[in-house]
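Just so you know, residue 1 is the first one in the sequence shown, and it goes up from there. Everything quoted here is computed from the prediction, not taken from an experiment. The figures here come from the full heavy-atom set of this structure, side chains too, leaving out hydrogens, waters and symmetry mates. One-based numbering, in listed order, for ligands and for the atoms of each.
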Amino acid sequence: MSMDCLFCKIVAGNIPATTIYEDEDVIVFNDIKPMAKIHFLIVPKLHLESLQSCDASQQQLLGKMLLLAPKLAAEQGLKGFKTLINTGREGGQEVFHVHMHVFGGGLPNA
Ligand code: AMP
């Protein structure tokens, strides 16, 4: 855990989030500024800054995140969805704790 990491604080329960799934490895919560009707973030509990700081030891965890996307999207009623992992400042990453966006259902308020 990184003390100054926003998502580590959510993992620790120190900042509230609308959690839709949690197990020993990951937490999944709704994005605070949704860019689609359904927009959630799949976040490993382990603090990993970005995909660029991952290696083969995270292969199982990253695979688990990928496989959770269709399962949770279906539970949210989505028949299809988009995924996005912003990586590095130049890749649009704002929170430096690996996370996968899952979007679906059209634009908010549409
Ligand atoms: P990224 O640009 O990929 O690093 O995306 C970070 C995402 O985290 C953005 O879509 C934010 O809206 C979202 N976010 C920031 N703070 C929170 C929070 N407290 N709870 C839920 N989502 C958040």
Enquirer: Between Met35 and ligand 1, which residue portion shows a heavy-atom distance shorter than 4.0 Å: side chain, backbone, both, or neither?
Expert: neither
Enquirer: Using a strict cut-off of 4.0 Å, indicate which atoms of ligand 1 neighbour a heavy atom of Asn86.
Expert: 1 (P), 2 (O), 3 (O)
Enquirer: Got the closest protein heavy atom to atom 15 (C) of ligand 1, with its distance?
Expert: Leu6 CD2, 3.8 Å
Enquirer: Do Val43 and Leu66 land in one hydrophobic cluster if side-chain heavy atoms of ILVMFWY residues count as linked below 4.5 Å?
Expert: no
Enquirer: So is there a nitrogen or oxygen of Pro16 less than 3.5 Å from a nitrogen or oxygen in ligand 1?
Expert: no
Enquirer: In ligand 1, which numbered atoms sit nearer than 4.0 Å to a non-hydrogen atom of Lys33?
Expert: 12 (O)
Enquirer: Please work out whether any backbone atom (N, CA, C, O) or any side-chain heavy atom from C-beta onward of Phe96 is under 4.0 Å from ligand 1, and answer side chain, backbone, both or neither.
Expert: neither
Enquirer: Please identify which atoms of ligand 1 are closer than 4.0 Å to at least one heavy atom of Leu41.
Expert: 8 (O), 22 (N)
Enquirer: Judged by non-hydrogen atoms, does Ile85 sit under 4.0 Å from ligand 1?
Expert: no
Enquirer: Below a 4.0 angstrom heavy-atom separation, can you tell me which part of Leu84, side chain or backbone, both or neither, approaches ligand 1?
Expert: neither
Enquirer: Search all heavy atoms of Lys45 against all heavy atoms of His97 and return the closest pair with its distance.
Expert: O-CE1, 4.1 Å
Enquirer: Based purely on interatomic distance, does Val95 place a nitrogen or oxygen under 3.5 Å from a nitrogen or oxygen of ligand 1?
Expert: yes
Enquirer: Name the closest protein heavy atom to atom 2 (O) of ligand 1, giving the residue it belongs to and the distance to 0.1 Å.
Expert: Gly92 O, 3.0 Å
Enquirer: May I ask you to test the Asn30-Ile20 pair for a side-chain heavy-atom distance under 4.5 Å?
Expert: yes
Enquirer: Please check whether Gln93 reaches ligand 1 - meaning an N/O of the residue sits under 3.5 Å from an N/O of the ligand, judged on distance alone.
Expert: no
Enquirer: Any nitrogen or oxygen of Ile32 lying under 3.5 Å from a nitrogen or oxygen in ligand 1? Just yes or no.
Expert: yes
Enquirer: For ligand 1, which atoms sit closer than 4.0 Å to a heavy atom of Asn30?
Expert: 21 (C)
Enquirer: Can you sort out the partners of Phe96 under side-chain contact (heavy atoms from CB on, under 4.5 Å), two or more places apart, ordered by chain and number?
Expert: Arg89, Gln93
Enquirer: What closest approach, in Å, do Ala36 and Gly104 show between heavy atoms, and which atom pair accounts for it?
Expert: CB-O, 3.6 Å
Enquirer: Heavy atoms, side chains only, cut-off 4.5 Å: are His99 and Val95 in contact?
Expert: yes
Enquirer: Can you tell me the protein heavy atom closest to atom 12 (O) of ligand 1 and the distance?
Expert: Asp31 OD1, 2.5 Å
Enquirer: Applying ring pair (Phe, Tyr, Trp, His ring centres under 6.0 Å), which residue pairs with at least one partner in residues 49-76 are found, sequence neighbours left out?
Expert: none
Enquirer: Give the C-alpha distance, both sets of side-chain angles, the deciding distance and a yes or no for ring-ring contact (aromatic ring centres under 6.0 Å, His included) between Phe81 and Phe40.
Expert: CA-CA 11 Å; Phe81 59 90; Phe40 57 85; 8.1 Å; no
Enquirer: How close does the nearest protein non-hydrogen atom get to atom 6 (C) of ligand 1, and which residue and atom is it?
Expert: His99 NE2, 3.5 Å
Enquirer: Output the distance between atom CG (Leu67) and atom NZ (Lys64), rounded to the nearest 0.5 Å.
Expert: 10.5 Å
Enquirer: Specify the protein heavy atom at minimum distance from atom 8 (O) of ligand 1: its residue, its atom name, and the distance to 0.1 Å.
Expert: Phe7 CZ, 3.6 Å
Enquirer: In terms of atom number and element, which parts of ligand 1 are under 4.0 angstrom from non-hydrogen atoms of His101?
Expert: 1 (P), 3 (O), 5 (O), 7 (C), 10 (O)
Enquirer: Answer yes or no: is there a side-chain heavy-atom contact under 4.5 Å between Val98 and Cys54?
Expert: yes
Enquirer: Can you tell me if Thr18 contacts ligand 1 (heavy atom of the residue under 4.0 Å from the ligand)?
Expert: no
Enquirer: Counting non-hydrogen protein atoms only, what is the nearest one to atom 4 (O) of ligand 1? Give residue, atom name and distance.
Expert: Glu94 N, 2.7 Å
Enquirer: State, to 0.1 Å, how close Leu41 and His101 come at their nearest heavy-atom pair, and which atoms those are.
Expert: CD2-ND1, 3.3 Å
Enquirer: I need the minimum non-hydrogen distance between His39 and Pro34, along with the two atoms involved.
Expert: ND1-CA, 3.5 Å
Enquirer: So which bit of Phe40 gets within less than 4.0 Å of ligand 1, heavy atoms only: side chain, backbone, both or neither?
Expert: neither
Enquirer: What is the minimum heavy-atom distance between Thr83 and Ala69, and which atoms define it?
Expert: CG2-CB, 4.3 Å
